[in-house]
Amino acid sequence: RIAEEAHNLQHAPGPPSLPLARITPHIAFGVGFPISIGTLNVNVGTIDAWGVDPDDVFKAAAANLEKRSNRPWASADQYPGVFGSPYQDGFDACRLFFPLRFLSAPLRGKPVVVLPTPNRMIFAGSDDEHGLVNLARLARTYVEKQEGSLFLRPMKVGDDGESWVDWLPPRTHAARPGLRWLQARQESMNYVQGAALLRLAAKSGPIAIALPELEVVESGYGMDVYTTTVWDDRGPCALPKADRIALRRKGRMLGTVRWASLVAKFPHLLREAPGYPTRFITGPFPEDWQLQMISFDPPEGSS
């Protein structure tokens, strides 16, 4: 979706000129063909010039990829329960187009996939707790090696066997913190990339509204993971969607409140803005009487 947003900002106004097949709220397929320096996107104008329907182009691209995707999945050494692509050809993400192929791996439950780099697609079974813990650990090793993250948000094959859904295990699951860290890391990267695109698109000068970042917080390595952002009283800002908001007035941190709690109590304070990833425009900074009604998180270290 970040790539889609970049294209829309560069070609606005007017409808998107790239044919897209959306598979989750965060991922969409486009069509391209490899060249020496990467991949060239196929736009609507090119497809019109070919005189074919966009659906036929997607089908042809899928058929070409399927021809080079007939090898068995590989087991991940030292990470039991984790499988990956044996290809490492830069097209691993495109193989999400074939959810049924993932069902051929010896998994317990539905495939849960993470795409840490363009050449690293790894997955484990949704009912394999140990495998999911290893999946999160292996994906994080790629992130910490700074190999260039692609898409860290975990996805599971849907109940129909032919679709993908964003997925995390229950809060009490042993793999939840590690997989949530990957998801939160992806959210944070998207907001950094989105802010850069907005600044690039503001050709008339600097953006008149602050764009706070999304921070990933964990109490220990992969434990108690959540996201937070800062709302400052110095003027309106466009907040990223976070688990918690830190309120700061006149340079002094007042405390941290859960996003859901603040919105439930004062729904008019945040207004959803268009674009991806979603940001929320702040209204007037909470007054004293409102602050007194907010249930701030206890200070760190308190019991």
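Hydrogens, waters and symmetry mates are skipped; everything else that's a heavy atom, side chains included, is used. Here, residue 1 is the first one in the sequence, and each next residue gets the next number.
- Between Thr117 and Asp92, every side-chain heavy-atom pair lies at or beyond the 4.5 Å cut-off.
- Ring centroids of Tyr226 and Trp181 are separated by 6.0 Å or more, keeping the two rings apart.
- No side-chain heavy atom of Phe123 sits under 4.5 Å from any side-chain heavy atom of Val112.
- For the pair Arg95 and Asp89, the salt-bridge criterion is met [side-chain N within less than 4.0 Å of a carboxylate O].
- Here the straight-line distance linking atom CG of Leu239 with atom CD1 of Ile281 works out to 8.5 Å at 0.5 Å rounding.
- When all heavy atoms of Leu182 and Ala136 are compared, the closest pair comes out as CD1-CA, 4.0 Å.
- Using a 4.5 Å heavy-atom cutoff, the side chains of Tyr79 and Ile122 are not in contact.
- Here Glu187 pairs with Arg153 in a salt bridge; the nearest charged N to carboxylate O distance falls below 4.0 Å.
- Judged purely by atom type and a 3.5 angstrom limit, Ser261 has no side-chain atom pairing as donor or acceptor with the backbone of Arg258.
- Sparse packing is recorded around CG of Asp159, with 12 or fewer heavy atoms of other residues, nucleotides or ligands lying under 6.0 Å away.
- Hydrophobic clustering of Ile, Leu, Val, Met, Phe, Trp and Tyr side chains at less than 4.5 Å, counting indirect connections, unites Val52 with Val42.
- One N or O on the side chain of Ser126 and one on the backbone of Lys110 form a donor-acceptor pair closer than 3.5 Å.
- Taking the charged nitrogens against the carboxylate oxygens, Arg244 and Asp297 do have a contact shorter than 4.0 Å, which makes a salt bridge.
- Atom CG in Leu197 sits 10.5 Å away from atom CG in Asn190 (nearest 0.5 Å).
- Contact annotation: the side chain of Leu65 approaches that of Phe91 to within less than 4.5 Å [non-hydrogen atoms, C-beta and beyond].
- Looking at Arg108 and Asp128, a side-chain N of the basic residue comes within less than 4.0 Å of a carboxylate O on the acidic one, giving a salt bridge.
- Atom CG of Leu198 is separated from atom CD1 of Ile209 by 10.5 Å, given to the nearest 0.5 angstrom.
- At distances below 3.5 Å, not a single donor-acceptor pair connects side-chain atoms of Thr24 with backbone N or O atoms of Val165.
- Residue-environment remark: CD (Glu213) stays at or below the threshold of 12 foreign heavy atoms within 6.0 Å.
- The shortest non-hydrogen separation linking Ala242 to Leu214 is CB-CD1, 3.4 Å.
- Side chain of Gln186 to backbone of Gln183: no donor-acceptor contact under 3.5 angstrom is found.
- Pairing each heavy atom of Trp73 with each of Pro86, the nearest pair is CE3-CD, 4.4 Å.
- A salt bridge links Glu218 with Arg140: the closest approach of a Lys/Arg side-chain nitrogen to an acidic carboxylate oxygen falls below 4.0 angstrom.
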- Message: Please evaluate residues Thr278 and Glu272 with respect to the criterion side-chain contact (heavy atoms from CB on, under 4.5 Å), reporting the C-alpha separation (whole Å), side-chain torsions for both, the decisive distance (0.1 Å), and the verdict.
- Response: CA-CA 7 Å; Thr278 304; Glu272 185 173 342; 3.5 Å; yes
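- Here the side chain of Arg176 pairs a donor or acceptor atom with the backbone of Pro169 at under 3.5 angstrom.
- Using modelled atom types, one side-chain atom of Asp160 and one backbone atom of Ser163 make a donor-acceptor pair closer than 3.5 Å.
- Of the possible polar contacts, one joining the Arg101 side chain to the Ser69 backbone as a donor-acceptor pair under 3.5 Å is found.
- The distance from the CD1 atom of Ile47 to the CG atom of Asp56 is 10.0 Å, given to the nearest 0.5 Å.
- Side-chain contact between Leu269 and Phe285: absent, with no pair of heavy atoms (C-beta onward) separated by less than 4.5 Å.
- For Arg180 and Asp224, the salt-bridge test fails: no basic side-chain N is under 4.0 Å from an acidic carboxylate O.
- Asn119 CG to Ser85 OG: the interatomic distance, rounded to the nearest 0.5 Å, is 8.5 Å.
- Comment: Lys156 does not engage Asp166 in a salt bridge, judged by the lack of any side-chain N to carboxylate O separation of less than 4.0 angstrom.
- Taking all atoms of both residues into account, the shortest heavy-atom contact from Pro106 to Phe83 is CG-CZ, 3.5 Å.
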- Message: Quick one, Asp233 with Arg252, criterion salt bridge (Lys or Arg N to Asp or Glu O under 4.0 Å). Give me CA distance, side-chain angles, the key distance, then yes/no.
- Response: CA-CA 10 Å; Asp233 70 336; Arg252 183 172 70 90; over 6 Å; no
- Message: Would Val263 and Phe280 count as a side-chain contact (heavy atoms from CB on, under 4.5 Å) here? Give the steps.
- Response: CA-CA 11 Å; Val263 171; Phe280 292 79; over 6 Å; no
- Check against side-chain contact (heavy atoms from CB on, under 4.5 Å), Leu115 and Leu96: CA-CA 10 Å; Leu115 297 160; Leu96 293 174; 3.6 Å; yes
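- Using modelled atom types, one side-chain atom of Asn134 and one backbone atom of Pro80 make a donor-acceptor pair closer than 3.5 Å.
- The cluster map of Ile, Leu, Val, Met, Phe, Trp and Tyr, joined by side-chain heavy atoms under 4.5 Å apart, puts Leu291 and Val257 in the same cluster.
- Contact detail for Val225 and Pro177: the closest heavy-atom pair is CG2-O, 3.6 Å.
- When atom types are taken as modelled, the side chain of Thr282 and the backbone of Cys237 share a donor-acceptor pair closer than 3.5 angstrom.
- Looking at heavy atoms from C-beta onward, Pro240 lies in side-chain contact with Pro212 at the 4.5 angstrom threshold.
- With a 4.5 Å cut-off on side-chain heavy atoms, Trp231 and Leu262 count as touching.
- His173 is listed as a side-chain neighbour of Leu132, based on a closest heavy-atom distance under 4.5 Å.
- Both Val157 and Ile27 are assigned to one and the same hydrophobic cluster, defined by single-linkage of ILVMFWY side chains at heavy-atom distances under 4.5 Å.
- Proximity of the aromatic rings of Phe29 and Phe97 is defined here by a centroid distance below 6.0 angstrom, and this criterion is met.
- Linking Ile, Leu, Val, Met, Phe, Trp and Tyr residues whenever their side-chain heavy atoms come within less than 4.5 Å places Leu168 and Leu135 in a single cluster.
- By the 6.0 Å and 45° rule, Arg71 stacks over the aromatic ring of Tyr87.
- The distance from the CZ atom of Phe58 to the CG atom of Asp53 is 10.5 Å, given to the nearest 0.5 Å.
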- Query: Between Leu211 and Arg279, does a side-chain contact (heavy atoms from CB on, under 4.5 Å) hold up when you go through it step by step?
  - Reply: CA-CA 9 Å; Leu211 300 171; Arg279 285 184 178 267; 4.0 Å; yes
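- Nearest heavy-atom pair, Leu152 versus Pro116, reported as atom, atom and distance to 0.1 Å: CD2-CA, 3.7 Å.
- Remark: aromatic rings of Phe102 and Trp164 are close, center separation under 6.0 Å.
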